[in-house]
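Have a look at the structure below, then the notes.
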Number of protein chains: 4
Amino acid sequence: MANFKGHALPGSFFFLFGFWWSVKYSLRYHSRRLNKNGHGNSRFGHLDVIEGAVRTICAVIGMLAEQFVPDGPHLHLYGGQNRDWVKLMNWQHTTMYLFFGISGVVDIFTYSSAKVPIGLDRLMLSVALLVEGFLFYFHITQRPPLDQHIHALLLIATFGGAAGLLLEVFLQDNIILELFRSSLALLQGTWFFQIGFVLYPPWGGPSWDVADHSNVMFITMCFCWHYALAILIVAVNYTVICW
Amino acid sequence: MANFKGHALPGSFFFLFGFWWSVKYSLRYHSRRLNKNGHGNSRFGHLDVIEGAVRTICAVIGMLAEQFVPDGPHLHLYGGQNRDWVKLMNWQHTTMYLFFGISGVVDIFTYSSAKVPIGLDRLMLSVALLVEGFLFYFHITQRPPLDQHIHALLLIATFGGAAGLLLEVFLQDNIILELFRSSLALLQGTWFFQIGFVLYPPWGGPSWDVADHSNVMFITMCFCWHYALAILIVAVNYTVICW
Amino acid sequence: MANFKGHALPGSFFFLFGFWWSVKYSLRYHSRRLNKNGHGNSRFGHLDVIEGAVRTICAVIGMLAEQFVPDGPHLHLYGGQNRDWVKLMNWQHTTMYLFFGISGVVDIFTYSSAKVPIGLDRLMLSVALLVEGFLFYFHITQRPPLDQHIHALLLIATFGGAAGLLLEVFLQDNIILELFRSSLALLQGTWFFQIGFVLYPPWGGPSWDVADHSNVMFITMCFCWHYALAILIVAVNYTVICW
Amino acid sequence: MANFKGHALPGSFFFLFGFWWSVKYSLRYHSRRLNKNGHGNSRFGHLDVIEGAVRTICAVIGMLAEQFVPDGPHLHLYGGQNRDWVKLMNWQHTTMYLFFGISGVVDIFTYSSAKVPIGLDRLMLSVALLVEGFLFYFHITQRPPLDQHIHALLLIATFGGAAGLLLEVFLQDNIILELFRSSLALLQGTWFFQIGFVLYPPWGGPSWDVADHSNVMFITMCFCWHYALAILIVAVNYTVICW
């Protein structure tokens, strides 16, 4: 949805998951260091199932929101006299949420049944991020420079996260990769809000000049600051849990 | 061959192999989990040799079809008064099938002789996919936008599969990579059919408007739906075999 | 800072660190080979903390220099009547130094506390190089060919170093990767000086013709010679320490 | 050197090394399989030193040829009234040979001294291929389509070989990677000859039409055939040694 709320919704989801991950993985790492017998993991199994369920619910909320907002497609794919496609933007966003939903369902099965191999959950989350990045990539052609650039920067967080998750399929329970993933999720979260503030200022007022090159340059740098912030949040969470 | 049949043939091959792989690797994974003594693999050795033989036969069928259809080159590489190249499209398709044939032959040798190192079969299959993607990449320049885009999407499945297979050379018998490869083969299979339906509707009727941007946007999203379908097929096969 | 000093400062930093690394890792490798009991590492722990502190100090010097040179932004981000961005170039350089500073701080914590996992220091240094490369990449559009090319070559050293460091996160204490990283840091160091000499000759005189294609071709080759020099320096250090 | 001989020289070098590697690594693999006590390697140590020496000599021959052919630069880098660069093409080729020479010297040290870590030789050979690819990449801009394309295809063999060698740094004595490297070296060898035949037909006659798109399409496919030939050569060598 091309408005502030449409960016705030996924932004909140990503921020919450990034924050939660930085807490969960720090806890798990320290509990494992303290009692080195490996049993410390059992109580996290339930948490992972719940996390999968929450992700599925978030994805369903996102899909319903994209479909049934007043100017949404209401599940119509094509229509009108010329049989044109209806609201392809909303359909694309629905597809993105769909894959996060699939990833959530796979999480539930992976952690509740021993028959599904561990790692499949990370592969599916990686696929969900790849699909998100893939759709965004083709989404943003034919837009003004700043709009295109601010969305393109999102792809760095998306593909970076997907690459990290692919590594996690093979290097499981690696705290460094898990914190890295948390930081990139936080980055995506705050950056979705930044996009909303730049293109659709919530308190009215004009949006930024989307053709000004110095705005593009500032946004590039601003993206790095967001990442510095994400690192700070992860570091604070890690330190607090450590003590 | 630039018609529906020319896309349905490789589409069927890829779909069949993807389906078969999702069945084979699920079976192997579960039989290995049940009797953890490692002997469960012996009866799969024969299957792998047969699979290699079937792939070789499929490739030969594809090569013959490309060469000896009525408007094919009939093994003439150049001819005419100006010594022009004859039917380079068909020759390129023949080359693609050739490498899948080489891969099939290497499969046979790898699984029937202990002197050929395991992993070489996956490397050659990866090379076959890389060659397919490489030829497609240079194949599709100078075509209308939708035609180019719909073939370019195929490259994602092709190169994704090749990358996964390269990992399988070193991480052998990894069920996650094997299911991932199955899903990408299914994706290629159904997508070849989709290309056929879009560009050469089999029941007559006009093809889609190849210059319309909203068609390009729909096709992008449709590719994700095909992948969701591929994941569903693999998941159903895995679940059925699990019980 | 678009002058010779602005390139000599980071050039010196990179050269010093590259030189120091080639010495440190050669020493560590040989001391470990001589007494194979693994205790040889203890005295290097302190060195790593000091190295982190020095990197932090270097980064702070760089940030202050970028902000408080006479024509710097003096911490003003936007100003003037039109609320334009102030000196975005200097702000971008400040951001680059900031991430090297973060990496230095993470180094200190990693090597002084057992609670921070080893490897996080390399990940953060890799992120610092990625941020540097990322900002440079968007930094250099809209410049004359030679200027653009000479900076683009820097990206090879930057991203190469970042890739090597990402591998070091998982393959720790690998002498080959460590020497590779040293050589790329030396390359960046000498190349910053080369940029300074080409674009802002320190002894007056005109800068090179930035639109001449043969200059671009020479600079490409010159970059390889710099790398050959970097390899030579690392090889000499390694050999001297070996004896 | 922009003539047939200038392409036949590196072509012969690459072909010989590819052929030799496919023989050497097949022999080593089988001798190791036969006597599984690991002592089978000792006599190969000398071979590796000799191979390094031969590579160094080949590189020196190449450098001298590039410098001292009648129309070469004879070690003059710039000259003339305007202090123009002299024969940058030849200087670039000299630089390529230089890095293969460095790689040869590192080979000698790696295999004759226990103080140099195994793997460094492969890293340096990889760097030599990366430098070759890097220089070629910037070498071929501003040329007609066929000339540019036929050289660009070379980059696939170059960068593919470099990537395989980087893996070999960490996965040593992996027969699959070694045969893969051999096949890519053979591909480079035969392709250099193909370039010579296309652009500078040795028996006089006109070169191919460098602007014709169907020639570009044929060359793309021809590259795959060369690779099929390289695979065949490696397979024959492997099979002969096997028996």
Side-chain angles (χ1 to χ4, degrees), chain A residues 25-26 28-30 32-34 145-146 149-150 152-153 155-157 159-160 163-164 167-168 170-171 173-184 187 206 208-209 212-232 234-235 238-243, chain C residues 66 73 77-78 80 82-103 105-106 109-110 113-124 126-128 130-143 162-163 165-172:
Chain A
Y25 292 120
S26 301
R28 186 179 290 185
Y29 179 68
H30 287 298
R32 203 177 291 150
R33 280 187 68 238
L34 292 177
L146 184 64
H149 188 64
I150 206 169
L153 292 175
L155 296 183
I156 294 175
F159 288 128
L167 279 177
E168 281 190 67
F170 307 106
L171 299 165
D173 297 322
N174 184 310
I175 181 68
I176 293 174
L177 283 174
E178 287 163 348
L179 293 181
F180 182 59
R181 191 209 320 169
S182 312
S183 71
L184 285 176
L187 174 61
W208 295 21
D209 180 355
D212 183 4
H213 182 64
S214 70
N215 277 341
V216 170
M217 275 185 69
F218 172 73
I219 279 298
T220 308
M221 182 170 56
C222 185
F223 186 72
C224 296
W225 295 355
H226 276 255
Y227 193 52
L229 179 70
I231 291 172
L232 187 70
V234 172
Y238 188 87
T239 314
V240 166
I241 285 158
C242 197
W243 280 328
Chain C
E66 287 291 342
L77 184 53
Y78 52 91
N82 305 319
R83 303 185 70 69
D84 286 331
W85 304 108
V86 176
K87 300 271 173 196
L88 277 179
M89 281 290 164
N90 292 52
W91 275 103
Q92 292 206 346
H93 297 148
T94 308
T95 306
M96 293 181 198
Y97 283 116
L98 170 67
F99 274 83
F100 283 101
I102 294 176
S103 145
V105 171
V106 171
F109 280 103
T110 307
S113 158
K115 285 176 179 165
V116 184
I118 297 280
L120 206 61
D121 55 320
R122 274 145 224 170
L123 180 68
M124 284 315 303
S126 179
V127 166
L130 286 172
V131 166
E132 186 203 342
F134 165 75
L135 285 175
F136 260 115
Y137 180 80
F138 289 106
H139 209 56
I140 59 178
T141 51
Q142 308 185 335
R143 296 206 193 171
L165 274 159
L166 280 180
L167 279 177
E168 280 190 67
V169 173
F170 307 107
L171 299 165
Q172 287 166 9

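Quick note: numbers below take in every heavy atom, side chains included, and nothing from hydrogens, waters or symmetry partners. Chain naming here is simple, since letters A, B, ... match the order of the sequence lines and numbering starts at 1 in each.
- Ring centroid separation for the pair A:Phe223 and A:Tyr227 does not come in under the 6.0 Å cut-off.
- For C:Phe99, the part lying near chain A is the side chain, with the backbone staying farther off; criterion is any non-hydrogen pair under 4.5 Å.
- A pairwise comparison of heavy atoms in A:Gly160 and A:Phe180 identifies O-CE2, 4.2 Å as the closest pair.
- Listed here is the closest heavy atom pair of C:Glu66 and C:Tyr97: CG-CE1, 3.8 Å.
- Within the 4.5 angstrom heavy-atom criterion, no atom of C:Met96 approaches chain A.
- What you find for C:Arg143 and C:Met89 is that their closest heavy atoms are NH2-CE, 3.6 Å.
- Residues A:Asp173 and A:Glu178 share a closest heavy-atom pair of CA-OE2, 3.4 Å.
- Counting heavy-atom pairs closer than 4.5 Å to chain A, the top-ranked of the candidates C:Leu120, C:Val116, C:Leu166 is C:Leu120.
- Listed here is the closest heavy atom pair of C:Ala162 and C:Ser126: O-OG, 3.0 Å.
- Using a 4.5 Å cut-off between heavy atoms, A:Ile175 touches chain C through its side chain atoms alone.
- Residue with the most contacts toward chain A among C:Leu135, C:Leu98, C:Val131: C:Leu135 (heavy-atom pairs, distance under 4.5 Å).
- Of the atoms belonging to C:Leu123, it is side-chain heavy atoms, and not backbone ones, that fall under 4.5 Å from chain A.
- Only the side chain of C:Leu77 comes within contact range of chain A, with heavy atoms under 4.5 Å apart.
- When A:Asn215, A:Leu167, A:Val216 are compared by the number of non-hydrogen pairs under 4.5 Å with chain C, A:Asn215 comes out ahead.
- A:Leu232 does not touch chain C: none of its heavy atoms, backbone or side chain, sits under 4.5 Å away.
- For C:Val106, no part sits under 4.5 Å from any heavy atom of chain A, backbone or side chain.
- Atoms OG1 and CG, on A:Thr220 and A:Leu153 in that order, are 5.5 Å from each other to the nearest 0.5 Å.
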